[in-house]
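Have a look at the structure below before the remarks.
We number each residue from 1, following the sequence as shown. Each ligand, and each atom within it, is numbered from 1 in the order the structure gives.
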Amino acid sequence: MGYDGALKAFDASAAKLPRIDLFLIHWPMPSEDRYVDTWKALVRLREDGRVGSIGVSNFSPDHLDRIVDATGVVPALNQIELHPHFQQRAARAAHERLGIVTQSWSPLGQGTLLTDPAIVAIAEAAGATPAQVILAWHVQAGLGVIPKASSRARIEENLAAEKVTLTAEQIAKIDAMDREDGRLGPNPDTL
Ligand SMILES: NC(=O)c1ccc[n+]([C@@H]2O[C@H](COP(=O)([O-])OP(=O)(O)OC[C@H]3O[C@@H](n4cnc5c(N)ncnc54)[C@H](OP(=O)(O)O)[C@@H]3O)[C@@H](O)[C@H]2O)c1
């Protein structure tokens, strides 16, 4: 966090990687109120050609408006918690207004959704696995998706979700799984 801190953190990452395509601010940390200066550092890194794209993670629509007003630079992407139990409709509408890609973290609900009876029934009907059904739902909604899996077999299974196409009815069933209390991770607004 902070202008100099972010430049230093970038140098530490750049020393370990041949190239950085996308660099994100992980949390807004509104209690520290330094995310605008941090964003200015990322804008400088992009202007200097040291990174391809810059974005954020866990930013609310208010945080996004503030950094865009301060710099005129819109993040390429906002990575937020998003899965069938926590669908983030207001955030997605704000991203669409600003032209920001939404990327879903914990897209499988940290694995908790894989045994949900509605998901299992759709998987059986679609000839796919529960993980593939959930990932196909993200992809068909235009969301970027970053599932975590430990084995090669699961990573391959998850990549093959690209070939699964859900019907409008199946998508509507998953859309209806959104819950008020569906958040699994911390609330970024109050950290
Ligand atoms: N920006 C942020 O603040 C933020 C916060 C949290 C997470 N993230 C990122 O989001 C990514 C994913 O989130 P996550 O790990 O919390 O949750 P997730 O991807 O929703 O779920 C991961 C769980 O699902 C299991 N799984 C994955 N594919 C499977 C399959 N095909 N069949 C059965 N089980 C499967 C994994 O098991 P195994 O591992 O045992 O295979 C693991 O237990 C992570 O890479 C993380 O870096 C970002």
Quick one: does [X]'s side chain have a donor or acceptor within less than 3.5 Å of a partner on [Y]'s backbone?
X: Glu157; Y: Gln132; answer: no
X: Gln103; Y: Leu143; answer: no
X: His138; Y: Pro107; answer: yes

Can you list the atoms of ligand 1 that are under 4.0 Å from a heavy atom of [X]?
X: Gln79; answer: 1 (N), 2 (C), 48 (C)
X: His26; answer: 1 (N), 2 (C), 3 (O)
X: Ala131; answer: 30 (C), 31 (N)
X: Leu114; answer: 33 (C), 34 (N), 35 (C)
X: Ala149; answer: 27 (C), 28 (N), 39 (O), 41 (O)

Margin query: Between ligand 1 and Ser151, is the shortest N or O to N or O distance under 3.5 Å?
Written below: no
Check: Quick check: does Pro147 get an N/O under 3.5 Å from an N/O on ligand 1?
Finding: no
Check: Any protein heavy atom sitting closer than 4.0 Å to atom 36 (C) of ligand 1?
Finding: yes
Margin query: Going by a strict under-4.0 Å cutoff (protein heavy atoms only), does atom 28 (N) of ligand 1 have a neighbour on the protein?
Written below: yes
Looking at [atom], what's its closest protein heavy atom, distance included?
atom: atom 24 (O) of ligand 1; value: Gly111 CA, 3.7 Å
atom: atom 9 (C) of ligand 1; value: Ile146 CD1, 3.7 Å
atom: atom 6 (C) of ligand 1; value: Trp105 CE3, 3.1 Å

Note to self: Which label fits His85 and His83: parallel for a plane angle under 30°, tilted from 30 to 60°, or perpendicular past 60°?
What the structure shows: perpendicular
Margin query: If you count heavy atoms of other groups shown closer than 6.0 angstrom to CD of Glu32, is the number above 12?
Written below: yes
Next item on the list: Check the surroundings of atom CD in Glu180: do more than 12 heavy atoms from other residues, nucleotides or ligands lie under 6.0 Å from it?
Entry: no
Checklist line | Test: Arg66 cationic atom under 6.0 Å from Tyr35 six-membered ring centre, within 45° of axis | finding: yes
With [atom] as the reference point, say which of [options] has the nearest heavy atom.
atom: atom 20 (O) of ligand 1; options: Leu108, Val145, Ile80, Asn78; result: Leu108
atom: atom 42 (C) of ligand 1; options: Glu156, Arg154, Lys148; result: Lys148
atom: atom 18 (P) of ligand 1; options: His83, Gln132, Gln110; result: Gln110
atom: atom 16 (O) of ligand 1; options: Ser57, Ser106, Gly185; result: Ser106

Checklist line | Positive for side chain to side chain contact (heavy atoms under 4.5 Å, CB included) with Pro188, one of Ser60, Pro30, Pro28 | finding: Pro28
Next item on the list: Return yes if a side-chain donor-acceptor contact under 3.5 Å exists between Thr102 and His95, otherwise no.
Entry: yes
Next item on the list: Tell me which part of Leu24 gets within contact of ligand 1: side chain, backbone, both or neither, using heavy atoms under 4.0 Å.
Entry: neither
Checklist line | ligand 1 contact on Thr129 by region, counting heavy-atom pairs under 4.0 Å | finding: neither
Margin query: Please say yes or no: joined through hydrophobic side-chain contacts below 4.5 Å, possibly via intermediate residues, are Met1 and Leu24 part of one cluster?
Written below: no
Check: If you look only at pairs with a residue in residues 20-31, which of them pass as a side-chain hydrogen bond (donor to acceptor under 3.5 Å, both in side chains), with sequence neighbours excluded?
Finding: Arg19-Asp21
